[in-house]
Amino acid sequence: MLTLFLYISALDRKIVLLQDFQPLCAIATTSIGADRLRSICQPNNPVWVPRSLSSIAGVQAYSGSLKSHVAELWQSHRAFVFCLATGAVVRIVAPLLQSKATDPAVVVVDEAGKFVVSLCGGHQGGADRLTKIIAQLIDATPILTSASTSLGLPAVDLLGVPFGWHKGKGDWTEVSAAVVRGEPVQVIQEAGSTLWRSTASVRRSHLSFTPSPDATAEIWITPRLIQDARSRTPQIQWHPRVLWVGIGCERGTSRQLIEAALQQVCRENQLAAEAIAGIATIDLKADEVGLVELCHAYDFPLRTFPAEILSAISVPNPSPVVEREVGTPSVAEAAALCACLDLPETKHHTDSDRNVTPKLLVSKQIFKPNTPTPDSSTGAQPCAPTTPDLTGAVTIAIAQSEIEYTGRIGKLFLVGIGPGAIEQITPAAKSAIATADAVIGYSLYIELIAALLQPQQVIETLPITQERQRAQRAIELAQWGLTVAVVSSGDCGIYGMAGLVMEELQAGDWDGNTPQVQVFPGITALQAAAARVGTPLMHDFCAISLSDLLTPWQVIEKRLIAAAMADFVTAIYNPRSQSRVQQLQIARDIFLQYRAPNTPVAIVRAAYRQDEQIYLTTLEKLLDLPVDMLSTVLIGNSSTRTYANWIITPRGYLGFVPEMKE
Ligand code: SAH
């Protein structure tokens, strides 16, 4: 017989929150500091300590000076977390800083764990985000001093990061300053997602999406290269990756020729190379060395399509010669268009302002080395300069996709937010919420966690009846590359959204990894309700939902009988709604067959929320009290008792043996 072991590393699951910051270097110079950082960074990031502290478990000792140690690690690490005085950290990192576009995140945690300071690389290095994650994990105050973060305004140099946009030319400092000063700044968006416009930070700013004569700065979001030297208005250019380059080439065409041809096409058509999503071609070329090398060098995905798919696409310049050779009249043009259609997100996308018809921006052009003038028979163009590296022949076409390629692996955080009060949410769940690009949930829950939401986050609420739509939307955004937190009250995996998201993922042939999923548990209603009335759950217990919308009533009734018979303390979820009033009565009657009429019962409504109500009663009188969909009903077992407004279910420490009613 075959035995299957499925080993899931605890480490794999733990690193998701800090994953974007790997490799991360944690450094402490005292044992308290080392403990503090170990709790944040381990198990995947051992804490560096001086030799004198090397006896502490789970640390790594550096020899020599801390300054030279940090200098050695500086280039190879994405983030540094110090537990050290900020002054000392400033002195250590100052000589290493080069540019805010490339410097790693530098974060400082104080020894007492009260503060987490985003010291350097706040925006592009991600230090502000890392600071928020760590602060939530250790319940400290995050110190963020960048103007846009403090004012809750859009950080223009981070605007396109969730969508994988690339930064182009521009006066980034001046345009950022104009936004922070609250000046009117005009946005000219020609491509890419418009989701970012719905964020609180944008609503708070003076960005204008229509022509604005008094604008003091411009933000261009475009695949084009804007070169308006006459304009004196400071501007920046973000380039969403919407350009799919279709390529056909002779076997053995050099990477240099393809690269030179591509640069020439971009230049002549005023397209930004930063807006290139990737390369598309026929499957026969999947191993074409020049293409593979080019994709590797620029981190472009290479999408390949079989001839039957390509030949079904109508293109402006079909070629009978190509058709005879490879079985499709077009490779470059057809592949570029196919790549635009092939994006997984185009299948699901529901953004109302998009349609999914790709357009061919540049029809096919043929490039050959050493062609002195465009060849009139083939239309081939020369690629300057001519060097020995330029071998073969390449055909290039470019299509523009409606939806940008993000180049990111999305994440789904399935988060339980507990019963209601912010302090009942786990630190890990808080971190997950604070770090997500988008937060999706029922509006009441979004209101409950308002204090944790970030101004730059995309927040989407859907009515309580539209759980499936909520799950599908979350999956769609995560498949596209965003980090999405789906919030549910209580525990997300107990009658919550997590199960639905998992079922939807499975229905969509999810491979288990992309998007990545992490579930963040929360305090479920039965624990919250129990805590408010004492210790009713101290013996075996179960939860039963009376909602028969998804579960047949016969099944629910069978479980009620079984729970009552087995003397489980029972938590009733979804006990009664406006339209479902009978079920609770039936449940009570079933329990009365097996338990005494004076069995203690607690009705806890809106536990840990402003409008919390708690009633202690008995099984017999249960129906005399108000019970609604915000209530959880706890029914004691045969030995549960009340004592001075508390409910206690004995475990047996004092020799009590539970007795079942015959
Ligand atoms: N995932 C949630 C349960 C959702 S089902 C959890 O783990 O708690 C909805 C039911 O949960 C409600 O009908 C009610 O019975 C119960 N519930 C949720 N929040 C509650 C609260 N704050 N107080 C009491 N009951 C609550």
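In each ligand, atom 1 is the first atom listed, and ligand 1 is the first ligand listed.
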Audit row: Asp611, Arg605, salt bridge (Lys or Arg N to Asp or Glu O under 4.0 Å) steps and yes/no: CA-CA 8 Å; Asp611 47 346; Arg605 182 181 185 279; 3.7 Å; yes
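Heavy atoms only, all atoms of each residue included: Gly534 and Pro536 are closest at C-CD, 3.3 Å. Pairing each heavy atom of Ser545 with each of Asn574, the nearest pair is OG-ND2, 2.8 Å.
For ligand 1, the protein residues placed under 4.0 Å by at least one non-hydrogen atom are Pro419, Ser489, Gly490, Asp491, Ile494, Tyr495, Thr524, Ala525, Tyr573, Asn574, Pro575, Val604, Ala606, Ala607, Arg609, Met629, Leu630, Ser631, Thr632.
Applying the side-chain contact (heavy atoms from CB on, under 4.5 Å) rule to Pro575 yields the partners Ile572, Leu584, Val627, Ser631, Val633; only residues at least two apart in sequence or on another chain are considered.
Note on Arg36 versus Glu111: no salt bridge recorded, every NZ/NE/NH1/NH2 to OD/OE distance being 4.0 Å or above.
The aromatic rings of Phe163 and Trp165 are tilted relative to each other, their planes meeting at an angle between 30° and 60°.
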